[in-house]
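Notes follow once the structure below has been shown.
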There are 2 protein chains.
Amino acid sequence: MPAHAKRNGTQQEARALTEKPASRPRRGRPPRLSRDQIVATAYEIVRDEGAETLTMRRLAQALGSTAMAVYHHVRDKDELLMLILEHVAKDLPRPPLPEDPRQRLTTVCHLMFDAFGDNPWVVPVLARGNVVGVSALWMTEEILGALVDCGLTHEEAFWAHQTIWYYTAGQVLCMTQEPGGEGTAEDTGRAPAHQVEPHDGKAPHYPEAAVAKAAGADFPHLVRLAADSRDIEARYSYGRGLRHILEGALPSV
Amino acid sequence: MPAHAKRNGTQQEARALTEKPASRPRRGRPPRLSRDQIVATAYEIVRDEGAETLTMRRLAQALGSTAMAVYHHVRDKDELLMLILEHVAKDLPRPPLPEDPRQRLTTVCHLMFDAFGDNPWVVPVLARGNVVGVSALWMTEEILGALVDCGLTHEEAFWAHQTIWYYTAGQVLCMTQEPGGEGTAEDTGRAPAHQVEPHDGKAPHYPEAAVAKAAGADFPHLVRLAADSRDIEARYSYGRGLRHILEGALPSV
DNA sequence: ACCTGAACACCGTTCAAGT
DNA sequence: ACCTGAACACCGTTCAAGT
């Protein structure tokens with residue numbers, strides 16, 4: 001008994017019936033799925049529901065097709081992820097950049113950070129390193145160029161770029177921690193067990209949790225920090241860390 | 001923290017069947033598995049074969065038991081990971097630290113980075129944020145303390161710590177990219193398809209791959225970098241990025 | 001109390017077959 | 001050429017039962 005025998009009858013047909021130019025006579029069955037359609041739908045899933053909910057079966061269902069039909073257009077899930085990556089990189093805004101190299105630097109870095117903030121799932125994909133988002137390469141080029149224009153050698157520019165990249169990637173990855181599912185306002189009823197009880201409505205904050213755990217030990221700075229770590233963290237930003245890096249990496253004005 | 005909140009409400013006492021006379025009379029079957037044993041074995045798997053090979057079934061097999069036996073000692077896989085984390089944090093070296101706060105800072109940061117280098121799998125676990133390795137908390141404390149001793153306010157110290165942490169986490173996460181399986185010297189026979197051909201024996205390097213992909217575009221700095229990016233990268237290090245951050249974050253001497 | 005085996009609801013992917 | 005369904009080799013976890 002196939003569990004999914006019932007189809008969602010009227011789904012999205014007529015969507016990709018763009019004109020066939022009639023030039024090339026195709027043989028065989030006309031395609032009902034296209035790479036672009038697959039990537040667009042996969043992107044919507046990833047954007048709306050997070051990268052971890054993207055499975056081949058889930059995608060197929062959204063396409064009104066089967067998991068294996070997707071494999072006819074895409075080699076495997078890795079390639080699919082790479083295609084989604086390209087899809088978002090392509091549409092990234094590329095505003096005019098300031099002349100001053102130092103301002104250009106911080107502008108591009110913030111563009112990069114914001115792009116990741118909108119698509120945090122790309123960072124783990126990028127960090128795996130076997131993938132290059134061609135359409136976002138201009139950012140790397142601009143950063144390197146601006147660093148050189150600030151007076152660094154090419155070697156120093158690469159090093160500074162590495163540091164900036166690690167910092168950016170690390171921050172995006174660490175910000176993508178909370179699942180934030182549907183249980184926001186409603187208690188799920190699960191016992192907290194060894195987990196620290198949330199201070200109020202929010203999830204346990206790192207310094208608070210740390211201090212609570214290290215009850216016995218003598219960690220004055222941690223304790224002091226835990227007191228108002230939320231406020232202090234609210235005043236931290238990507239720009240602050242970036243300023244530190246640039247002030248240390250660039251020749252002083 | 002309740003942790004053992006579900007105490008024995010059914011305190012039936014003093015029935016004597018198979019007396020374990022001497023000390024505490026245990027009832028029921030004597031345990032053949034212990035939490036410590038489970039954690040130690042799990043750590044060995046993770047250390048020797050990588051975090052992604054750790055599955056409950058694999059662990060049970062290494063223990064000569066079944067997957068479900070493990071669940072009697074450990075709530076779920078998340079708790080298991082946290083226990084392994086504690087296990088390695090506990091054995092971290094804690095050498096005497098230099099008096100000078102600035103030297104202390106770089107020393108502790110390098111200790112942290114090296115610890116992660118030996119156990120890169122912990123960074124994704126830590127980045128999920130719902131876990132605190134109590135036994136490694138002294139590093140956070142030392143970093144905060146040293147930053148304050150360098151003249152920062154507590155707020156500034158926290159910010160600098162955030163930047164250092166993001167940088168460190170990012171670098172460890174990005175270094176953990178290559179699977180490095182068994183196909184090192186032998187061609188697997190798979191077609192490279194759209195993937196860039198390795199330059200020599202090694203995996204395609206980021207700038208090389210990037211330039212190869214962006215064939216048409218005009219990216220002079222990237223091209224220039226690709227020429228000898230391997231050598232330049234070899235001269236980059238954690239210390240270099242850290243120095244930039246600290247020079248920008250600390251008051252100038 | 002501690003452990004077992006079967007089973008559930010998934011996953012990515014291969015394969016042989018249908019149109 | 002394009003799509004389908006069944007099947008393989010996995011996952012984490014629940015459940016009822018054994019000792």
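Each chain gets a letter, A, B and so on, in the order its sequence line appears, and its residues count up from 1.
Atom C1' of nucleotide dC2(D) and atom CG of Leu33(A) are separated by 10 Å, given to the nearest angstrom. Atom P of nucleotide dC10(D) and atom CD of Gln61(B) are separated by 11 Å, given to the nearest angstrom. Note: CD (Glu52(B)) to C1' (dC10(D)) measures 15 Å, nearest angstrom.
Listed pair Thr66(A) / dC3(D) fails the phosphate criterion, with no side-chain N or O lying under 4.0 Å from OP1 or OP2. For Arg32(B) and dT4(C), the shortest distance from a side-chain N or O to OP1 or OP2 is below 4.0 Å. The shortest distance between the side-chain N/O atoms of His73(B) and the OP1/OP2 oxygens of dA1(C) is not below 4.0 Å.
With rounding to the nearest 0.5 Å, the separation of CE in Met68(B) from CZ in Arg57(B) is 9.0 Å. In this structure, CD1 in Ile38(B) is found 13.0 Å from NE2 in His87(B), a value given to the nearest 0.5 Å. Taking SG of Cys109(A) as the start and CD of Glu142(A) as the end, the distance is 11.0 Å to the nearest 0.5 Å. Here Trp121(B) contributes atom CH2 and Leu81(B) contributes atom CG; the two are 6.5 Å apart, rounded to the nearest 0.5 Å. Between Glu141(B) atom CD and Leu225(A) atom CG the span is 9.5 Å, to the nearest 0.5 Å. The distance from atom CG of Leu33(A) to atom NE2 of His72(A), rounded to the nearest 0.5 Å, is 10.5 Å.
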Dot-bracket for DNA chain D, 5' to 3', with Watson-Crick and G-U pairs under 3.5 Å, [ ] for crossing pairs and | for other-strand pairs: what is it? ||.|||||...|||||.||
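In this structure, the salt bridge (charged side-chain N to carboxylate O under 4.0 Å, His left out) partners of Arg58(A), at least two apart in sequence or on a different chain, are Glu49(A).
You'll find that the side chain of Ser65(B) is closest to dT4(C), out of dT4(C), dC3(D), dA1(C). Considering only side-chain atoms of Pro31(A), the nucleotide from dC3(C), dT4(D), dC2(D) that sits closest is dC2(D).
The aromatic rings of Tyr166(A) and Tyr167(B) lie tilted to each other, with the angle between the two planes from 30° to 60°.
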How does protein reach along nucleotides 12-19 of chain D, written 5' to 3' as B (base within reach of a heavy atom under 4.0 Å), S (only sugar-phosphate), or - (no contact)? BBBB--BB
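Counting only heavy atoms from C-beta outward, the side chains of Gln171(B) and Phe116(B) never approach each other to under 4.5 Å.
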